[in-house]
Student: 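Below is a structure I'd like to ask you about.
We name chains A, B, ... by the order of the sequence lines, and we start the count at 1 in each one.
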Amino acid sequence: MSSTEHNSKRYPFCDFEPRWQEYWLRSGAFRAKNPGESGFDPSAKKRYILDMFPYPSGNGLHVGHLVGYTATDILSRYYRLRGENVLHPMGWDAFGLPAEQYAIKTGQHPRVTTEKNITRFREQLQLLGFSYDWEREVNTTDPHYFRWTQWIFLQLYHAWYNPVTCKIEPISSYQGKEPDHVRLAYVANTPVNWCPALGTVLANEEVLNGKSEVGGFSVERRPMRQWMFRITALADRLLHDLEGLDWPESIKQLQRNWIGRSQGAEVIFSLQNQPEKTITVYTTRADTLYGATYLVLAPEHPLLEELDLSPDVRKALNDYRNGCNAKSDLERTDLAKTKTGISLGLDCINPINKELIPIWVADYVLMNYGTGAIMAVPAHDERDYEFARTFSLPISPVIKTTPSLSLPFNATDGEAINSPLINGLNAIDAKIKIISWLEANGMGRTCIQYKLRDWLFSRQRYWGEPFPIIWEKGAHRALSESELPVEPPEMEDFKPTGTAEPPLAKAHEWVRYSHQATRELNTMPQWAGSCWYYLRFCDPKNQEAFVGKEVQEYWREVDLYVGGTEHAVLHLLYARFWHKALFDLGHVCTAEPFQRLVNQGMILGPDGQKMSKSRGNVISPDEVIRQYGADALRLFEMFMGPLEHSKPWSITGVEGIYRFLGRVWRLILSETPENIFQVNANIMEQPLTGAQRRVVHSTIKKITCDIEALSFNTAISQMMIFVNEFATATPTPLEAVQTLLQLLSPFAPHLAEELWVYLAEKFPSVRALGSLASESSWPTWNEEYLLFEEITYVVQVNGKIRTRLTLPSTTSQEKVEQAALHNPSVAPHLEHKKIQKVIVVPGRLVNIVLKS
RNA sequence: GCCGAUGUGGCGAAAUGGCAGACGCAAGGGACUUAAAAUCCCUUUCCGCGAAAGUGGAGUGUGGGUUCGAGUCCCACCAUCGGCACCA
């Protein structure tokens with residue numbers, strides 16, 4: 001190749017990068033072999049390395065998406081060089097709202113735009129030389145894929161949670177009369193998050209501060225008939241099994257908070273004069289029962305319909321409830337500062353002391369947590385305190401105060417007072433005593449509550465998986481497996497209907513399943529496809545099962561899962577739930593899907609702000625690759641800093657990495673006057689000097705350890721040190737450069753592959769290691785070669801460095817100490833002082849401590 | 001308010017309790033060149049003293065503590081970011 005052709009380039013990446021990408025693709029270099037396939041090696045360790053698959057948006061990828069993908073690619077290539085069987089697939093989470101909304105705007109069918117976007121995403125990923133096994137590519141919108149999404153839905157529909165075995169079991173093991181009441185997938189008519197702007201309902205997890213997570217539209221609560229998943233049945237296992245996972249503590253904590261387990265008690269209060277009517281409250285502070293001075297019901301509490309109220313109160317109540325209904329969730333929380341409520345003019349009886357306390361209705365009590373009713377202890381609860389002050393209700397302390405505490409305090413270690421049964425006890429013992437009293441008297445029991453709600457699983461959309469469900473005479477019925485997949489109808493107009501009715505209602509022919517039965521009109525949420533895609537990757541072409549049994553037992557769980565924090569409680573919780581259900585039903589062999597999770601940090605724009613189209617600071621990989629090549633982009637993404645950190649993009653940083661790769665190129669090749677590249681005449685098959693051998697072996701060690709610790713930035717630093725070291729070495733030992741290429745090949749695979757071929761052509765010894773860098777093996781180091789003959793000790797007096805001392809590494813500690821004490825730069829600092837002690841850290845330093 | 005993460009040069013960062021700032025960027029100076037690009041070399045935490053080689057001191061968000069020795073461990077606080085938020 002002529003250098004004029006690439007005269008602005010430091011090395012001809014635009015020639016060899018596409019060439020290697022094409023070669024890898026064509027030769028199937030990164031195919032992972034399944035058990036039973038020819039070439040499958042049962043002795044090789046399996047390793048499943050997974051990226052969170054992307055939603056193929058119309059904008060293409062930006063450089064921030066590539067951080068995680070590059071990291072997993074380096075690991076995959078590294079483990080392959082170590083002889084492991086690496087599963088590293090990629091696919092598309094392609095159902096979803098943006099495609100549908102774009103379709104509505106432009107009239108293009110979402111299938112068309114999705115197909116186009118996927119093509120673009122795939123091209124972009126291939127431009128980076130990622131070593132995905134593309135034969136395993138999956139697409140959630142492909143009928144061959146969502147057939148199995150629907151199939152899994154049917155397994156969950158035909159299952160229930162058996163509270164005796166604490167397991168999910170086929171519905172056939174249910175002995176009761178109402179299987180529809182216990183199914184894991186069930187229909188409920190409950191208040192849901194309805195988003196008028198999106199024309200659909202949303203899961204709790206998709207609503208932030210009363211706004212939709214997608215688009216930020218306001219969300220209101222209204223009762224609708226919807227499909228739900230009984231995820232709360234597994235709340236305890238979802239919580240408990242976090243312990244065994246190698247996930248960032250912060251993500252585990254996020255899930256724990258979301259599940260929100262709390263242990264407390266239900267206490268039964270009966271109404272004065274209507275003893276047959278009772279109110280059950282939930283409290284975590286049973287020890288403060290004596291301090292309850294009133295009781296509060298949520299405005300939606302069903303008991304309110306049954307109570308005998310004076311006409312005035314009934315009217316006031318209705319007004320108040322209407323007022324609450326009109327408020328969105330956002331308003332209800334915004335107005336948190338001032339408490340509102342009305343008194344019912346009724347009293348109930350505190351079971352512990354038979355005192356009469358008034359019943360109030362207030363919207364600071366939520367119907368969807370606990371029992372929708374609380375006992376208010378204003379002395380020791382901020383909210384109750386505020387409410388009591390607003391309405392001049394009595395406040396009676398039942399925990400001993402100290403000078404540092406003022407009302408309301410909720411001390412958990414305080415001593416109970418004014419509470420005859422438990423006076424003097426601490427909170428823990430007091431709780432136990434109160435609860436056992438309540439249980440003994442039939443007035444309450446211990447109880448566990450979760451913040452986690454059941455998962456709202458249906459959406460009023462077109463571009464999603466239809467449910468494999470039909471309705472007949474008001475009852476739902478599952479389709480049989482042989483009727484899968486249920487494909488969405490071809491429709492011209494899939495705009496929201498403007499009512500709660502899903503767009504599929506407009507496909508009149510499709511809707512009619514039979515003379516008597518109609519199809520379910522809702523579709524599944526985007527999470528459905530991503531709940532199990534990691535299983536399909538193991539066996540993507542299987543026509544008989546969602547994943548083959550033997551294959552699943554081989555690949556098991558994902559060993560390393562890399563993605564962003566934004567999925568901390570959505571995808572990661574939902575997928576764990578499906579996985580556990582499949583586990584209980586015997587379809588998978590592990591209780592958890594993702595053993596190790598790593599969150600890559602965000603790449604910010606060059607301005608330090610989050611990359612976004614509106615800020616105009618989005619960096620596209622295409623332009624970077626055009627100027628500097630894929631290897632430079634890959635290497636820079638990893639060199640920027642720790643994988644988990646967010647950091648701003650810097651084009652001069654890419655420049656620096658590009659220079660480094662140019663140095664590697666010139667270390668190995670030189671250009672003839674005829675503009676031909678050939679192996680540098682300096683490179684010779686000759687032994688390393690002791691010092692060189694130390695550099696080579698310490699580099700192997702550092703890079704190996706750093707890759708395993710995911711510290712790619714320091715691994716790259718070490719390569720730079722290595723290159724700086726050998727740049728001036730004449731002659732250059734072949735072993736050094738060949739090792740460098742092996743170490744570099746997971747990071748900058750194109751360049752390493754290209755240079756390896758040059759070396760292999762010239763030197764048979766290189767050829768013998770592998771005709772390609774990617775076909776050689778990962779180098780190993782020898783600890784013996786890392787030792788120095790001489791060691792430089794730092795000599796400190798009272799912790800301050802006074803001199804350095806170079807001694808043979810065999811020098812004994814006593815000799816080192818003596819040498820330090822008698823050193824001419826040290827001696828003046830010791831004059832007229834008494835030495836208290838001398839600390840010698842072997843191989844490192846001497847600290848002389850003087851008496852003060 | 002609660003929970004979690006992070007705080008080190010001009011910037012990205014590095015440092016099993018043992019030489020703070022490796023590696024890279026940027027900046028400045030030099031070499032090569034008619035010139036530029038590219039490449040190579042040197043300097044660059046701050047404050048003193050020195051013509052210079054040097055040399056003295058301070059320094060990892062703030063204040064305490066443990067230790068011969070702390071960026072690293074402990075306590076308190078501050079700031080930034082992320083999550084949750086009337087969850088009884």
Side-chain angles (χ1 to χ4, degrees), chain A residues 7-10 208-209 248-258 260-262 264 281-285 288 292 296 298 332-333 335-337 339 362-366 368-377 380-384 386-387 410 449-453 565-566 568-569 599 601-602 608 610 635-636 639-642 644-657 659-660 662-663 666 711 713-724 727-728 792-801 803-804 836-850:
Chain A
N7 60 358
S8 64
K9 308 279 186 269
R10 290 186 173 92
L208 302 170
N209 297 325
E249 197 47 43
S250 61
I251 298 288
K252 288 192 191 180
Q253 200 54 43
L254 243 43
Q255 291 219 346
R256 284 187 201 113
N257 290 344
W258 192 263
R261 182 183 198 271
S262 87
V281 306
Y282 174 71
T283 179
T284 54
R285 294 302 301 272
T288 61
V296 189
R332 239 164 114 160
T333 43
L335 300 173
K337 304 287 173 282
K339 297 262 184 291
D363 68 357
Y364 83 92
V365 173
L366 307 175
N368 60 10
Y369 182 77
T371 58
I374 61 153
M375 62 178 213
V377 184
H380 307 299
D381 181 281
E382 246 175 73
R383 299 150 302 186
D384 298 344
E386 208 183 305
F387 191 83
N410 52 5
Q449 284 292 337
Y450 300 92
K451 262 164 58 177
L452 185 70
R453 306 285 90 210
T565 349
E566 64 272 21
V569 286
N599 293 122
M602 265 191 304
K610 195 171 167 175
L635 213 57
F636 179 62
F639 185 63
M640 290 174 81
E644 302 86 346
H645 283 196
S646 291
K647 51 241 156 182
W649 180 258
S650 141
I651 196 65
T652 52
V654 185
E655 189 81 55
I657 284 290
R659 268 201 288 268
F660 163 69
R663 276 204 294 280
R666 291 193 311 275
S711 298
N713 54 330
T714 49
I716 294 166
S717 297
Q718 184 61 35
M719 290 184 217
M720 292 174 169
I721 292 168
F722 183 101
V723 170
N724 291 345
T728 51
T792 300
Y793 283 83
V794 169
V795 182
Q796 301 179 329
V797 178
N798 279 344
K800 291 206 171 105
I801 298 163
T803 192
R804 291 180 174 77
Q836 190 181 319
K837 65 172 152 179
V838 179
I839 288 153
V840 180
V841 181
R844 283 192 178 270
L845 106 178
V846 182
N847 189 9
I848 302 164
V849 185
L850 303 176

Student: Quote, to the nearest angstrom, the C1' distance that separates B:A53 from B:C49.
Tutor: 14 Å
Student: Going by purine N1 to pyrimidine N3 plus the second Watson-Crick contact, or the G-U wobble pair, all under 3.5 Å, which nucleotide sits opposite B:U33?
Tutor: none
Student: How far, in whole Å, is B:G21 from B:U16 if one measures between their P atoms?
Tutor: 14 Å
Student: Any donor-acceptor pair, under 3.5 Å, between the side chain of A:K339 and the base of B:C86, if you only look at N and O atoms?
Tutor: yes
Student: Between A:R285 and A:N798, who's closer to the 5' end of RNA chain B by nearest nucleotide?
Tutor: A:N798
Student: Expressed in whole Å, how much space separates the C1' atoms belonging to B:A13 and B:G9?
Tutor: 11 Å
Student: How does protein contact run along nucleotides 18-23 of chain B, one letter per nucleotide 5' to 3', with B for base contact, S for sugar-phosphate only, - for none, heavy atoms under 4.0 Å?
Tutor: BBS-BB
Student: If we take the C1' atom in both B:G59 and B:G71, what is their distance in whole Å?
Tutor: 11 Å
Student: Under 4.0 angstrom, heavy atoms only, what part of the nucleic acid is A:T565 near: base, sugar-phosphate, or nothing?
Tutor: nothing
Student: In whole angstrom, give me the gap between the C1' atoms of B:G54 and B:G18.
Tutor: 26 Å
Student: In Watson-Crick or G-U wobble terms, both distances under 3.5 Å, what is the partner of B:G4?
Tutor: B:C81
Student: Report, one pair per line, the protein and nucleotides 36-38 of chain B atoms (nitrogen or oxygen only) whose separation is under 3.5 Å.
Tutor:
from: B:A38; atom 1: O3'; to: A:R10; atom 2: NE; distance (Å): 3.3

Student: Search all heavy atoms of A:L254 against all heavy atoms of A:A568 and return the closest pair with its distance.
Tutor: CD2-CB, 3.5 Å
Student: Who are the side chain to side chain contact (heavy atoms under 4.5 Å, CB included) partners of A:T792, not counting sequence neighbours?
Tutor: A:R804, A:T806
Student: Between A:N724 and A:R663, is there a side-chain heavy-atom distance shorter than 4.5 Å?
Tutor: yes
Student: Rounding to the closest angstrom, what is the interatomic distance between B:C3 and B:G57 at atom P?
Tutor: 44 Å
Student: Any idea which of B:A88, B:A58, B:A13 is nearest the A:K800 side chain?
Tutor: B:A58
Student: Considering every strand shown, what is the Watson-Crick or G-U wobble mate of B:G56 when both distances are under 3.5 Å?
Tutor: B:C47
Student: If you find the nucleotide of RNA chain B closest to A:P642 and the one closest to A:G799, which residue's nucleotide is nearer the 5' end?
Tutor: A:P642
